[in-house]
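Here the structure is a predicted model, which is why all the values come from computation and not from measurement. Residue numbers start from 1 in every chain, and the chains themselves are labelled A, B, ... in the order their sequence lines are given, proteins ahead of strands.
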Amino acid sequence: MTNMIQSAKDQVAALTEAAYERAAAAGSLPAGAEVRATIEIPKDTSHGDYASSFAMAGAKALRMAPRAIAQTIVDNLELEGSYFSRVEIAGPGFLNFTLGPKWYGDVLGAVEQEGATYGSGSGGAGKKVMVEFVSANPTGPMHMGNARGGVLGDTLANVLARDGWNVWKEFYVNDAGNQINKFARSIYARCMQLALGEDNYPFPEDGYHGEDVKELAQMFYVKHAYDFPGETSEEDWFAEMARFGLERNIPKMKADLNKYGIQYDQWFLESSLHDSGFVADTVRLLTEKGWTYEKDGALWLNTTELLKKKYMAEGKSQEQVDKLDLKDDVLRRANGFYTYFAADIAYHRNKFEERKFDLVINIWGADHHGHVARLQAALDGLGLDGSHRLVIVLMQLVNLLQDGKPVRMSKRTGKAIALHDLLDEISVDAARYYFNNRAATSPLDFDLDLAVRQDSENPVYYVQYAHARICSLIARLAEEDGAAVPAAGSVDAGVLTAPEELALMKSLAQYPEELHLAARDYDPSRVNRYLTALAGDFHRFYNACRLKGEESAVLSARLKLADTVRSVLANGLNLLGVTAPEKM
RNA sequence: GCGGGUGUAGCUCAGUUGGAUAGAGUGACUGGCUACGAACCAGUAGGUCGGGGGUUCGAAUCCCUUCACCCGUACCA
């Protein structure tokens, strides 16, 4: 749980504060002032490693010029035994601290000691979080958007677990409702076409046009060649066909995701909520609380009021709220069936109330964003505080490009590029890295022609190459020079003085901070950027500093440094579900 | 209309609680292996951070306003 960046920042704050107290006691600065200084890492290393804004931030309270305050602080600083070797005043009054060997040595020691768990944090404090992702309709193969969502959810789950959350991964199977009905009707229509000839039976306009449905129908038709359609009613065929299709599609989805490196803790069936009466019970509960009304034979949720309440609680003014174009939602249709929305409310009630999750994170396509606030508000109405405990990560859609032109994706027209087709073209490593390479809020262009190329275009190779290079380097030094990677305690970090070496060690120290931010912001793409930067720092070090033939203290320290980088690269790639090859 | 997302180098994107001269990859151009893996590195060029106003010591970042593109606004899921 060591975070050397935080340790250094804390120490800057403590040293500065102590210097101020000393100066105040000596009468060189007014006593009793509360100065809220920020401590940051300057972009330009000539400004030191950490900069405190104490002098500028305290100018008003201390009634002195920032530079004069800075000078007094410096005069009273005691760096002996600290992580820092030097402090300078610069610009408008920044206090620039420069790190010394003690800190660098501790970085190498921390990675050695924590190994595969290096970077762990306590942001989650052991609380239960569910990440629900992909949850694609089981009516057909998964497409590129699901591929992105899968990587995002799985990687986020890994990152959260590393930051101290107790993580549960779930796939919500929409095996009930209208889409399934459409699905069954589509299979039925294809079967009828097989029986009567394609032109003699109409295919429903809003049906699933894909080849996979034709294949299912073919299989079903062969199996029932002697009794289809027979005397059995359409409705009964629908039920049987839906079951037939789902029994084949769901295992296929599991297999595809498995190939992709994704395993869930649970596949939760929407139908179970209907069968157990939990949907009906949830709607009854909302009615009891006075949030529903009947109109045109349907039962409606007063979403308008719930949303207004939610927005006012979030600080919007009455005027702003009145301007919004809010609408109510149907929970139970006039035909007696519950809507998807009703089931979704019940499902989330189940997550919080039955299964006691502290936090629920759903990965949704951005086209569902209109649903976010209403679901949260409905949960608020049940007293479950959905506004704070349900987090929806909206993922912008994947634009599929071919020859630089967009390809329209739609499951109904059957033109989607399926996940399993994608994995026939590119490696799991490349796919997982590619889809996690951008924040969820950014649209992602997926160029088929580019992705298929297995050359260094893909940044995953840059990172993997660094790892392979280090493995090879260590093996070679062991074989030819009998040099083994030393323990951190026996390394003199003071001999590592090249800018490339210092930059590399600082990057290593940055890892726990990056993981924490990735977890805090639900943005696992940070890990990609970090690893790319770390690999770059290593490649620069490798070009600037030799190991072979150097005197033993230097060789030993550099070998340890390289091995430490190897460890962190493997650690990060593992979080991404990407392999860390020793050779490539 | 209303709501959400996005506007930063030719292209794809970073930019942390507001900090010092706005970064990286890629493309273009120029260099670097008889030395530990050249799937690598170094250098050059490329910017009114969509526009305008405001807040302050200081704004790509916060507030207001405006423009452009994408998405949503179902008794679909």
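Going from the P atom of C36(B) to that of G31(B) covers 23 Å, rounded to whole Å. Between G27(B) and C41(B), the two P atoms lie 13 Å apart (nearest whole Å). Between C76(B) and U17(B), the distance separating the two C1' atoms is 43 Å to the nearest Å. Nucleotides C67(B) and G51(B) have their P atoms positioned 15 Å apart, rounded to a whole Å. C64(B) and G3(B): their P atoms are spaced 12 Å apart (whole Å). For the C1' atoms, the distance linking A59(B) with G52(B) amounts to 15 Å, nearest Å. Comparing the C1' positions of G25(B) and U65(B) gives a spacing of 35 Å, expressed to the nearest Å.
Pair check for C13(B) finds G23(B); Watson-Crick or G-U wobble, both atom distances under 3.5 Å. G1(B) is paired with U73(B) under the Watson-Crick or G-U wobble criterion, all donor-acceptor distances under 3.5 Å. Nucleotide U44(B) is matched to A28(B) when pairs are restricted to Watson-Crick or G-U wobble geometry with both distances under 3.5 angstrom. Partner assigned to A39(B) is none, using Watson-Crick or G-U wobble distances below 3.5 angstrom. Nucleotide U6(B) has A68(B) as its partner under the Watson-Crick or G-U criteria, with both atom distances under 3.5 Å. Nucleotide C33(B) forms a pair with no other nucleotide shown, judged by Watson-Crick or G-U wobble geometry with both contacts under 3.5 Å.
Side-chain proximity of Ala439(A) to the nucleotides A14(B), A77(B), G37(B) is greatest for A14(B). Ranking G72(B), U16(B), A20(B) by closeness to the Arg526(A) side chain, first place goes to U16(B). Taking every side-chain heavy atom of His539(A) into account, C41(B) is the closest of A77(B), A38(B), C41(B). For Arg520(A), whose side chain is taken as the heavy atoms from C-beta onward, the closest listed nucleotide among G37(B), U17(B), C76(B) is U17(B). Side-chain proximity of Tyr461(A) to A39(B), C75(B), C40(B): nearest is A39(B). Side-chain proximity of Ala51(A) to the nucleotides A14(B), A20(B), G19(B) is greatest for A20(B).
As judged by a 4.0 angstrom heavy-atom cut-off over every strand, Gln464(A) is placed among residues making no nucleic acid contact. In this structure, Asp296(A) reaches the bases: a heavy-atom distance under 4.0 Å links it to at least one base atom across the strands shown. The residue Tyr542(A) sits close to a base: some heavy atom pair falls under 4.0 Å. Here Leu559(A) lies out of heavy-atom contact (under 4.0 Å) with every strand. The residue Arg438(A) sits close only to the backbone: its heavy atoms come under 4.0 Å of sugar-phosphate atoms, none of a base. At the heavy-atom level, Asn96(A) lies under 4.0 Å from base atoms of the strands shown.
Residues passing the ring pair (Phe, Tyr, Trp, His ring centres under 6.0 Å) test with Trp291(A), sequence neighbours excluded: none. Not a single side-chain hydrogen bond (donor to acceptor under 3.5 Å, both in side chains) links Asp521(A) to another residue, sequence neighbours left out. Residues satisfying the salt bridge (Lys or Arg N to Asp or Glu O under 4.0 Å) test with Glu513(A), not counting sequence neighbours, are none. For Glu305(A), there are no side-chain hydrogen bond (donor to acceptor under 3.5 Å, both in side chains) partners at least two apart in sequence or on another chain. Take Gln11(A) and apply the side-chain hydrogen bond (donor to acceptor under 3.5 Å, both in side chains) test, not counting sequence neighbours, and it matches no residue. Considering only residues two or more places apart in sequence or on other chains, Asp329(A) meets the salt bridge (Lys or Arg N to Asp or Glu O under 4.0 Å) condition with Arg374(A). Listed by chain and residue number, Arg566(A) satisfy the salt bridge (Lys or Arg N to Asp or Glu O under 4.0 Å) test with Asp563(A) (two or more places apart in sequence, or in another chain). The salt bridge (Lys or Arg N to Asp or Glu O under 4.0 Å) search around Asp49(A) returns Lys506(A), not counting sequence neighbours.
Rounded to whole angstrom, the span from the CZ atom of Phe341(A) across to the C1' atom of U73(B) amounts to 14 Å. If you measure from atom OH of Tyr338(A) to atom C1' of C75(B), you get 14 Å, rounded to the nearest angstrom. Regarding Ile39(A), its CD1 atom lies at a distance of 16 Å from the C1' atom of G18(B), rounded to whole Å. Distance Ile5(A) CD1 to U16(B) P: 16 Å, rounded to the nearest Å. Rounded to whole Å, atom P of U16(B) lies 19 Å from atom NZ of Lys506(A). Put simply, CG on Leu331(A) is 12 Å from P on A77(B), counting in whole angstrom units. Straight-line distance from the CG atom of Asn181(A) to the C1' atom of C76(B): 12 Å, rounded to whole Å.
At a cut-off of 3.5 Å, with distance as the only test, no side-chain donor of Thr303(A) or Asp328(A) sits close to an acceptor on the other residue. Looking only at atom types and distance, the side chain of Asp380(A) has no donor-acceptor partner in the side chain of Gln376(A) under 3.5 Å away. Asn302(A) and Lys308(A) share no side-chain donor-acceptor pair at under 3.5 Å.
Here Tyr462(A) reaches the OP1 or OP2 of C41(B): one of its side-chain N or O atoms lies under 4.0 Å away. Residue Arg476(A) has a polar side-chain atom (N or O) positioned under 4.0 Å from OP1 or OP2 of G37(B). Taking side-chain N and O atoms only, Arg529(A) has no distance below 4.0 Å to OP1 or OP2 of G23(B).
Using bins of under 30°, 30° to 60° and over 60° for the plane-to-plane angle, the ring pair Tyr347(A)/Phe268(A) lands in the tilted bin. Relative orientation of the Tyr293(A) and Trp300(A) rings is parallel, given thresholds of 30° and 60° on the angle between their planes.
Residue-nucleotide stacking is present for Phe94(A) and A20(B), judged by a side-chain ring centre under 5.5 Å from the six-membered base ring centre and planes under 30° apart.
Both Glu514(A) and Gly297(A) lie close to RNA chain B; mapped to their nearest nucleotides by heavy-atom distance, the more 5′-ward contact belongs to Glu514(A).
The salt bridge (Lys or Arg N to Asp or Glu O under 4.0 Å) contacts involving residues 463-479 of chain A comprise Arg476(A)-Glu480(A), where partners must be two or more places apart or lie in separate chains.
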N/O contacts under 3.5 Å, protein versus nucleotides 56-59 of chain B?
none

Report, one pair per line, the protein and nucleotides 1-9 of chain B atoms (nitrogen or oxygen only) whose separation is under 3.5 Å.
residue	atom	partner	partner atom	Å
G1(B)	N2	Asp325(A)	OD2	2.1
C2(B)	O2'	Asp325(A)	N	3.4
G3(B)	N2	His369(A)	NE2	2.8
G5(B)	O2'	Gln396(A)	NE2	3.2
G5(B)	O2'	Thr441(A)	O	3.1

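Within residues 543-551 of chain A, the residues approaching RNA chain B are Asn543(A), Cys545(A), Arg546(A), Leu547(A), Lys548(A), by heavy-atom distance under 4.0 Å.
Here Asp523(A) does not pair with Arg438(A) in a salt bridge; the nearest charged N to carboxylate O distance is not below 4.0 Å.
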